[in-house]
Novice: 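Below is one structure. I have some questions about it.
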Amino acid sequence: MNIKSPLKKIFTVLLWCLLGGSVLAILIAAINAKNSSLCQGLEVEINGGAKAQFLNKKDLLSKLENEGLKDLLNKKMASFDLLKMEVFLKKNNWIRDAQLYFDNNQKLKIRIQERQPFARIFTVSGNSYLIDSGGVQMAIPERSVFRLPVFTGYPGEKFGLKRDSSLDRQIRDLAAFLNKDPFWSNQIQEVNISASKTFLMTPLIGNQQILFGDGSDYENKFHRLFIFYKQVISQTGFEKYTGFNLAYANQVIAIRKQGLISRADSIQARKNVLEMIRMAQKMETDTAKIREIKPLEKNTITEQNLRSYDLPAENENKNDTDNKLQKQQ
């Protein structure tokens, strides 16, 4: 019987066990040595080194002192409860993520990512707060100015308590669209939420109210209203209409006005619409944003294919335009 083969296998196993144990012992010794090392400093980084928009490093460090950060120099690294500090920081609703660790130079690194406000909400009771793109509610910080979509008449004091809420999803969808669209982000001043959970929008230019319906099919609705602005309002002005109803599929219903506003106001509003369209085009070019919106019909003028030479001339004959509109109606 050959006993060399089993002995060889046993010897090999023992050798690997000894090698593994040695490596483990070295790792444990290294960890213990690191934990017994002294903290050599602190470094705080917010937003990957970019300028902090809302958080203050001094305030954050002051709050962390009660969590064990006080007198950190020459303090053993093992005495820091980094997980506890991370949990504490993440309770701040302006902090999206927080990471704490020691680098090879025994410096404590604090890496923080701020939440970015997405929309401002006013409740029916008059309270106000901000939300981010994930629907997380944030208090309004002092000494900060925001240029965000504004929603009024929200029925709850807390946003997103019902995770399956259709209204919450529609608000976030509309806010996302308004934040990225250069024309409508300037034109829509306020979005009011009715008791029936439909939206009534107040524009910057023109006295017309925009009856939007619910938040479904929002890109199509804004697209059709833009075309109406381009083909009708930019030529005739606002004096004929009190509002626009977008609640019905594939329609823009213009509500006629009994009295007329002054001609000067109408001309100025027309000029403002044209200027806003030109500004939106310039912003699209400068930021190189490309949005894939399917045309609603062939050869339809859209926000994407509109060019400066498509805009009507300032001195275009208004009588010709009125005649065209009367024929269409």
Novice: Does the side chain of Met85 reach to within under 4.5 Å of the side chain of Phe80, using non-hydrogen atoms?
Specialist: yes
Novice: Which pair of heavy atoms, one from Phe54 and one from Gln116, lies closest together, and at what distance?
Specialist: CE1-OE1, 4.4 Å
Novice: Out of curiosity, Leu38 CG to Met77 CE, how far, rounded to the nearest 0.5 Å?
Specialist: 9.5 Å
Novice: If we count only N and O atoms by modelled type, under 3.5 Å, do the side chains of Asp214 and Thr198 hold a donor and an acceptor together?
Specialist: no
Novice: For Ile210 and Pro203, which heavy atoms make the closest approach, and how far apart are they?
Specialist: CD1-CB, 4.4 Å
Novice: At what distance, to the nearest 0.5 angstrom, does CG of Asp81 lie from CG of Leu69?
Specialist: 12.0 Å
Novice: Within the structure provided, determine whether Leu246 and Leu225 are in side-chain contact (heavy-atom separation under 4.5 Å).
Specialist: yes
Novice: Begin from the C-alpha positions of Ser128 and Arg120 and carry the test side-chain hydrogen bond (donor to acceptor under 3.5 Å, both in side chains) through to its verdict.
Specialist: CA-CA 7 Å; Ser128 178; Arg120 183 166 183 175; 2.8 Å; yes
Novice: I'd like to know if the side chain of Asp103 reaches the main chain of Lys107, judged simply by a donor and an acceptor atom lying under 3.5 Å from each other, with no hydrogens or angles considered.
Specialist: yes
Novice: Test your reading of the model: is there a side-chain donor-acceptor pair from Glu190 to the backbone of Thr202, 3.5 Å cut-off?
Specialist: no
Novice: Ion pair present between Lys91 and Glu86, side-chain N to carboxylate O less than 4.0 angstrom?
Specialist: no
Novice: Any heavy-atom pair between the side chains of Ile121 and Ile171 that's under 4.5 Å?
Specialist: yes
Novice: Taking Lys84 for the side chain and Glu67 for the main chain, is one N or O donor matched with an acceptor at less than 3.5 Å?
Specialist: no
Novice: Within the structure provided, determine whether Pro155 and Leu167 are in side-chain contact (heavy-atom separation under 4.5 Å).
Specialist: yes
Novice: Rounded to the nearest 0.5 Å, what's the gap from CG on Leu211 to CZ on Phe244? Could you check?
Specialist: 10.5 Å
Novice: Out of curiosity, Arg172 CZ to Ser165 OG, how far, rounded to the nearest 0.5 Å?
Specialist: 10.0 Å
Novice: Decide if the gap between the ring center of Phe122 and the ring center of Phe151 is smaller than 6.0 angstrom.
Specialist: no
Novice: Examine distances only and state if a side-chain atom of Gln106 and a backbone atom of Ser37 form a donor-acceptor pair shorter than 3.5 Å.
Specialist: no
Novice: Which heavy atom of Met138 sits nearest to which heavy atom of Asn93, and what is that distance?
Specialist: CG-O, 3.3 Å
Novice: Name the orientation class of the two ring planes belonging to Phe199 and Phe212 (parallel below 30°, tilted from 30 to 60°, perpendicular beyond 60°).
Specialist: perpendicular
Novice: Can you give me the closest heavy-atom contact between Val191 and Met201, atom names plus distance?
Specialist: CG2-CG, 4.1 Å
Novice: Please report the shortest heavy-atom distance between Gln189 and Leu204, naming the atom on each side.
Specialist: NE2-CD1, 3.3 Å
Novice: Do any N or O atoms from the side chain of Asp181 and from the backbone of Phe177 form a donor-acceptor pair under 3.5 angstrom?
Specialist: no
Novice: With rounding to the nearest 0.5 angstrom, report the CZ to CG distance, Phe118 to Leu130.
Specialist: 12.5 Å
Novice: Quick check: closest heavy atoms across Tyr218 and Asp173, and the distance to 0.1 Å?
Specialist: CE2-CB, 3.7 Å
Novice: How far apart are the C-alpha atoms of Asn127 and Glu157, what are their side-chain angles, what is the distance that settles it, and do they pass the side-chain hydrogen bond (donor to acceptor under 3.5 Å, both in side chains) test?
Specialist: CA-CA 7 Å; Asn127 293 325; Glu157 294 303 310; 2.6 Å; yes
Novice: Testing the 3.5 Å rule here: is there a donor-acceptor pair between the side chains of Arg147 and Asn186?
Specialist: yes
Novice: May I ask you to check if Lys109 and Phe102 form a cation-pi contact, with NZ or CZ under 6.0 angstrom from the six-membered ring centre and within 45° of the axis?
Specialist: no
Novice: Any idea how Trp184 and Phe222 line up, ring-wise: parallel (<30°), tilted (30 to 60°), or perpendicular (>60°)?
Specialist: tilted
Novice: Kindly compute the distance separating CD (Gln208) from CD1 (Ile233), expressed to the nearest 0.5 Å.
Specialist: 6.5 Å
